[in-house]
Amino acid sequence: MNGVSKCAVFMIALAALAQPVLARTYLNCSTRKVVIMTGPSGGTSSAKGDDLGFWVDDEAKTLTFLDTHL
């Protein structure tokens with residue numbers, strides 16, 4: 001086996017043995033809550049922006065929301 005073939009086989013073996021270092025991913029999303037109310041006297045609306053953070057664990061197949069209102 002020549003040097004290039006040995007290197008290719010070695011790289012394939014390393015790739016097959018490699019495990020993900022971080023199976024959890026943190027995501028942060030900006031959200032906007034809008035409430036529109038219509039009544040006999042007319043309509044009103046209010047809007048509020050907030051951040052939503054959560055962890056995605058690929059290995060355990062779970063989604064964990066952060067409680068930011070402590």
Side-chain angles (χ1 to χ4, degrees):
M1 208 185 290
N2 65 18
V4 174
S5 297
K6 288 180 184 179
C7 182
V9 169
F10 180 70
M11 293 301 288
I12 291 170
L14 281 179
L17 295 175
Q19 297 294 321
V21 175
L22 183 61
R24 288 176 47 143
T25 304
Y26 176 75
L27 298 173
N28 188 13
C29 301
S30 295
T31 62
R32 185 158 181 89
K33 179 180 178 181
V34 177
V35 177
I36 301 172
M37 296 184 297
T38 304
S41 62
T44 61
S45 67
S46 65
K48 178 186 173 192
D50 202 1
D51 288 329
L52 175 66
F54 53 94
W55 286 96
V56 177
D57 190 339
D58 293 329
E59 188 174 311
K61 306 284 190 248
T62 59
L63 179 70
T64 307
F65 289 96
L66 298 180
D67 188 6
T68 58
H69 303 286
L70 295 176

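- Leu66 and Val56 end up in different hydrophobic clusters when Ile, Leu, Val, Met, Phe, Trp and Tyr side chains are linked at under 4.5 Å.
- Each of Thr64, Leu63, Thr62, Thr25 was scored for a side chain to side chain contact (heavy atoms under 4.5 Å, CB included) with Asp57, with one residue passing: Thr62.
- Residue Ser46 forms a side chain to side chain contact (heavy atoms under 4.5 Å, CB included) with just one option from Val35, Ile36, Val34, and that option is Val35.
- In terms of heavy atoms, Thr31 sits closest to Leu52 at CG2-CB, 4.0 Å.
- Taken to the nearest 0.5 Å, the CZ atom of Arg32 stands 11.5 Å off from the CG atom of Asp50.
- In plain terms, the two heavy atoms of Gly53 and Tyr26 that are nearest each other are CA-OH, 3.8 Å.
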